[in-house]
Amino acid sequence: MTAPRSATIIVDGRPVTAVAGVSLTAALVGDHRWALRRNPVDGGPRGPFCGMGVCFECEVTVDGVPSVRACLTRIRPGMRVDTTGAPNDR
Amino acid sequence: MRAADVVIVGAGVLGAAAAWQLSRAGHRVVIFDRGAPGREGSGTTAGNLHVQAVHTRRPGQEVPIDSARFLPLQRAASDRWESVEDDLGASVELRRSGGFTIAETPDQCQELKEKHTWEAAAGIPTEVLDGDAAREALPLLGPTVTAATWCASDGYANPLKVTPAYLAAAAGHGAELVPYAPVREIARRGGTWRVTAGTHTVAAPVVIDVAGPWLGEIAALAGIRLRMTPVAIQMHATVRAPVTMSHLVQHIGEGLSVKQVTAGNLLIGGGWPARALNLAGRSVTSVDSLLGNVALAVRVLPFIRDLRLLRAWAGPLAATPDEMPLIGEVPGEPGFLVAGGTYAFTFAPLWGETLRGLAEGAPPPVEIADLGPDRLMTQTKTHEGRQR
Amino acid sequence: MIVERDVVVVGGGPAGLTAAARLAAAGLTVTILDEQPELGGQYYRRPAPEVARRWGDHRREGGELIAGVRAAGVECRTGHLVWGLADDDRTLLAEDEAGRPVRLRGRHLVLATGAYERSFPFPGWQLPGVTTPGFAQHLAAGDHTPIGERVVLAGSGPFLLPVACSLLALGVKVAGIAEAGTPYRPGRRALGTLRHPARLRELAGYAARLARARVPVWQGAVVLRADGHDRVSSVTLAAAGRPGQAIRTVEADALCVGYGFRPQTDLARLLGCEVTADPGTGDAIPVTDPAGRSSRPDVYVIGEAAGIGGAPTARARGLAAAHDILARETGHPVPPAEARRVATAARRLGHFTALTDALYPSPAQLLDALVPALADSTMACRCESVTAGELRADAAGDVNAAKARTRAGMGPCQGRVCGFAVAGLVRGGAVFPSRVPIRPVRMTTLLELAAEDGPA
Ligand SMILES: Cc1cc2nc3c(=O)[nH]c(=O)nc-3n(C[C@H](O)[C@H](O)[C@H](O)COP(=O)(O)OP(=O)(O)OC[C@H]3O[C@@H](n4cnc5c(N)ncnc54)[C@H](O)[C@@H]3O)c2cc1C
Ligand SMILES: Cc1cc2nc3c(=O)[nH]c(=O)nc-3n(C[C@H](O)[C@H](O)[C@H](O)COP(=O)(O)OP(=O)(O)OC[C@H]3O[C@@H](n4cnc5c(N)ncnc54)[C@H](O)[C@@H]3O)c2cc1C
């Protein structure tokens with residue numbers, strides 16, 4: 001069986017490669033990137049929690065669109081992801 | 001049955017402010033609420049401290065406020081807010097960083113100028129700015145703004161902190177709060193009122209009816225008929241955003257108030273009507289109102305466009321037919337005091353003090369003769385309350 | 001845009017898909033919406049095509065069901081979040097993936113909004129690397145991605161077992177499973193499940209797999225705390241009976257904790273459907289008849305939104321609702337034999353759920369055990385960073401008063417994650433109210449909707 005096709009996305013300016021079409025949380029966790037945002041109240045790092053769109057802990061900026069839930073997003077080649085946004089929800 | 005000096009019906013901001021004033025002065029106070037305190041008008045309010053004229057009409061409001069009469073009251077309330085945090089020994093997120101009332105049309109600009117002259121007459125300094133000057137002062141304002149008045153004393157206090165802070169301070173002076181105790185009977189024997197709530201009955205020479213939207217209902221228990229119209233209006237909150245705006249922004253011609261609260265959320269209101277008033281539970285918000293209000297907010301403050309709406313809620317208030325506040329003693333019913341009506345949040349420190357004066361038989365701090373319940377009484381007393 | 005259909009189905013999991021396929025096959029116009037980028041819901045969540053090609057599709061029947069839905073002519077709208085209800089009380093308001101507004105009207109509304117996991121706080125649960133078991137499951141089964149290298153599972157309920165197995169299949173070291181109850185001891189209640197050989201075999205299969213891999217199952221154990229800097233690195237467990245005292249510390253780079261599922265009833269409540277406390281769990285669930293009809297004649301609530309019961313139950317409920325709608329639409333009841341088969345299946349499945357539920361502590365028992373042990377300094381509401389102590393202070397049994405006082409539940413998750421714990425801490429049974437918007441919605445969506453000719 002052939003190896004699965006992969007896709008490369010740009011996370012905070014650096015390339016991250018994962019199996020094409022997986023969830024963005026999978027690409028990030030697979031790259032050991034867990035802290036995706038800071039809590040606006042206590043400033044602490046937060047990462048994906050529920051994996052199904054309920055907790056809003058995995059929000060990142062995708063192709064310039066803020067507050068996108070990574071768990072509800074599938075990766076596309078060249079997708080630009082920013083996890084360094086201001087510690088606010090927007 | 002217990003005895004007290006004053007029984008307060010309703011633990012909203014007015015009941016809480018009155019309880020603090022009275023207990024601090026050494027009176028024995030019992031406060032009843034049918035639910036948790038501060039959850040109705042005082043928990044759903046926008047929390048604006050309106051010092052410049054609130055000329056805005058709530059959508060659906062029939063008569064405009066008589067600003068010339070209103071402004072001196074606003075000024076008196078404004079002075080009292082200055083010391084609220086010190087008085088109560090608590091932070092209520094009080095902020096006096098000023099506010100703009102904006103105009104978009106020539107007629108509205110004209111109104112702004114008129115309003116400015118009344119404000120000057122009442123001793124409230126405001127400044128009229130043209131659109132560019134307004135945008136220079138608050139660059140977040142959008143291009144449709146053609147003029148604005150600036151008032152340095154407009155402000156905000158977190159309503160979720162104000163009522164609890166008053167109640168805590170009152171409790172410190174011995175006031176007793178009895179939540180989840182709906183008042184169901186009020187009767188007078190001579191100079192004594194007997195108020196029954198749940199399993200409690202308290203006798204006192206003074207009853208203060210500050211039941212907000214239920215003010216008329218409580219008065220009716222004592223056989224007093226008052227013309228008050230409960231309505232529900234709604235509020236909208238965005239998610240938290242970076243703190244960029246410290247001022248209150250209102251519109252002179254349309255229902256709009258916007259500010260950013262300490263937590264970073266933008267609170268958008270302006271008296272837009274809820275879909276349904278529900279005095280037994282929570283009123284239901286209207287999506288039409290929601291859309292109208294946020295579209296207006298984005299037009300005036302375009303940066304809101306990039307945010308998300310997080311929550312909306314509706315709350316009840318009782319309006320008087322003339323849109324003026326209600327405060328005073330019910331004629332022929334010695335010791336039965338009422339307070340409520342328009343902008344009760346802004347007026348809370350003032351009405352708290354005024355109610356104490358009325359209870360003590362002392363002169364009120366401001367002229368209130370024309371704000372009394374006599375103008376709202378539909379018929380003479382029925383006595384049914386007494387007989388029960 | 002306005003979509004007018006005979007039936008609008010919200011939720012593309014087993015329940016919604018089953019109902020939609022049956023209804024469209026009978027000739028009704030049906031739209032199904034889901035917030036997720038693909039149909040399937042939780043149980044039939046679709047793996048990426050490349051994952052399926054290389055490692056296989058772990059739930060092929062899900063793919064077949066979705067193919068059936070499309071073949072039957074159901075209009076499928078993924079990436080659509082239903083966030084509100086218009087003032088006419090029947091038009092659903094949605095936002096599509098690009099943030100455009102979509103309004104939907106159906107003569108029948110079928111709510112198949114599923115469930116989410118029941119969480120309970122502990123010190124350190126906000127650390128990255130602490131997740132729900134469902135997230136680990138989705139990463140493993142759908143994305144072929146291990147959640148960590150050394151994983152601890154904790155909480156309660158049968159779901160921990162398949163998640164552990166999915167992790168093992170990826171070569172992950174499962175350091176152990178902490179189960180708050182003591183279900184895995186032979187007893188009379190366990191025997192009742194023998195009447196459901198298929199489901200029991202499933203559970204027994206998981207247990208055997210875990211035994212082969214020598215995964216320890218610590219029964220009667222709960223998480224005392226998680227430690228780590230920027231990411232969890234160790235987990236300390238306590239005995240459920242004495243939850244304050246550490247019994248063991250385990251190294252782990254991921255900790256997945258869940259206490260079963262809670263029905264997602266926000267949309268049903270927004271539509272005014274009557275709710276009642278589930279006798280088993282105490283959660284508010286919509287009142288429905290066996291066909292899923294709610295107190296509103298035009299609204300059906302099916303699948304786990306109507307009560308937790310697993311995917312086969314969700315499918316049975318979907319079919320029952322479809323039959324009821326078809327009977328009302330055509331005037332011809334479904335052939336009694338078919339209707340009877342569905343009803344019997346649903347009943348048997350319900351019986352099985354009750355039996356398995358009885359093996360594990362009920363949510364009320366969990367609260368009794370966990371709430372007193374929760375330290376005041378523990379963060380209870382993750383969004384607004386509110387502590388257990390703040391919620392406990394003058395708790396009056398009223399979650400909404402507690403929300404106003406502390407801001408718990410005011411953040412973007414709108415109280416879904418903390419709701420169970422908040423209710424326990426303030427000793428209130430009530431849930432946070434459901435109001436528009438039921439999820440945060442973009443202003444741009446609202447502006448576009450306002451610019452259309454009004455919402456209704
Ligand atoms: C959405 C909204 C926005 C507003 N914005 C502003 C603003 O920005 N600035 C401003 O100045 N004003 C504003 N207002 C008006 C103002 O906030 C309210 O009018 C004010 O808070 C009312 O306070 P209250 O104490 O009179 O009544 P409430 O806060 O309504 O309290 C009345 C209390 O009486 C209790 N009660 C009722 N029946 C009984 C019974 N039988 N027995 C015992 N207790 C009973 C109720 O439970 C309630 O707690 C707003 C109001 C709303 C609804
Ligand atoms: C994270 C998670 C993982 C799970 N994994 C398993 C498993 O591996 N094995 C197992 O046996 N059980 C699993 N379950 C249990 C599972 O919930 C049920 O077995 C089954 O999926 C229920 O089917 P359903 O059709 O009722 O709902 P679901 O499958 O949950 O489908 C509901 C759908 O509705 C959508 N939805 C909800 N609200 C809205 C809205 N407002 N707008 C748009 N769309 C909306 C959701 O996105 C979701 O796709 C899991 C549950 C969760 C929460």
Side-chain angles (χ1 to χ4, degrees), chain B residues 33 35-39 42-44 158-161 163-164 167-168 171 177 179-180 234 236-240 261-263 265-266 268 273-276 281-299 301-314, chain C residues 81 83-89 91-93 95 99 101 103 270 272 383-385 393-407 409-415 426 428 430 432-456:
Chain B
D33 201 288
R39 296 276 301 128
S42 303
T44 53
N158 185 343
L160 301 179
K161 299 213 159 155
T163 302
L167 288 171
L177 168 69
Y180 304 98
Q234 67 189 51
H236 312 97
T238 70
V239 293
R240 289 172 184 255
V261 299
T262 315
N265 313 75
L266 280 117
I268 302 170
R275 190 170 106 198
R282 268 279 169 261
S283 298
V284 181
T285 53
S286 153
V287 170
D288 289 346
S289 285
L290 181 157
L291 294 177
N293 202 353
V294 303
L296 181 56
V298 171
R299 194 171 81 214
L301 292 161
F303 77 101
I304 294 175
R305 169 189 295 274
D306 296 330
L307 302 176
R308 286 177 299 162
L309 182 76
L310 174 61
R311 280 182 295 128
W313 64 89
Chain C
L81 165 68
W83 57 266
L85 175 68
D87 288 0
D88 66 0
D89 214 25
T91 304
L92 297 179
L93 304 172
E95 136 181 285
R103 288 175 274 172
L270 192 63
C383 298
E384 292 288 328
S385 199
D394 66 270
D398 181 337
V399 292
N400 293 308
K403 175 180 176 179
R405 193 164 51 75
T406 64
R407 293 185 67 89
M410 285 195 189
C413 97
Q414 298 173 324
V426 308
F432 292 123
S434 177
R435 285 195 299 254
V436 168
I438 59 174
R439 302 283 166 80
V441 59
R442 292 176 228 188
M443 284 290 173
T444 45
T445 306
L446 299 175
L447 294 174
E448 243 185 86
L449 183 57
E452 288 181 5
D453 51 353

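Letters A, B, ... mirror the listed sequences (proteins, then strands); counts begin at 1. Fair warning: this is a prediction, and the values are worked out from it, not measured in the lab.
Comparing A36(B), S286(B), A295(B), A314(B) by heavy-atom pairs within less than 4.5 Å of chain C, the highest count is held by S286(B). Of all the listed residues (V294(B), L310(B), V284(B)), the one sharing the greatest number of non-hydrogen pairs under 4.5 Å with chain C is L310(B). Interface summary for chain C: among V298(B), T238(B), T285(B), the most heavy-atom pairs under 4.5 angstrom belong to V298(B).
Proximity to chain B (any heavy atom under 4.5 Å) is shown, for L446(C), by both the backbone and the side chain. For R405(C), no part lies near chain B; criterion is any non-hydrogen pair under 4.5 Å. For chain C, the nearby part of L290(B) is the side chain; its heavy atoms alone come within less than 4.5 Å. Residue I268(B) touches chain C through its side chain alone, counting heavy-atom pairs closer than 4.5 Å.
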Next on the checklist: Test side-chain contact (heavy atoms from CB on, under 4.5 Å) on M443(C) and D306(B); report intermediate values, then the result.
Outcome noted: CA-CA 7 Å; M443(C) 284 290 173; D306(B) 296 330; over 6 Å; no
Item to check | Worked check of side-chain contact (heavy atoms from CB on, under 4.5 Å) between R275(B) and V436(C) | outcome: CA-CA 12 Å; R275(B) 190 170 106 198; V436(C) 168; over 6 Å; no
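Side-chain contact between Y180(B) and D398(C): present, with at least one pair of heavy atoms (C-beta onward) separated by less than 4.5 Å. Residues R407(C) and N265(B) form a side-chain contact, since some pair of their non-hydrogen atoms from C-beta on lies under 4.5 Å apart.
The structure places CE of M410(C) at 10.0 Å from CZ of R240(B), a figure rounded to the nearest 0.5 Å.
Remark: the backbone N or O of R311(B) is not paired with any side-chain donor or acceptor of Q414(C) at under 3.5 angstrom.
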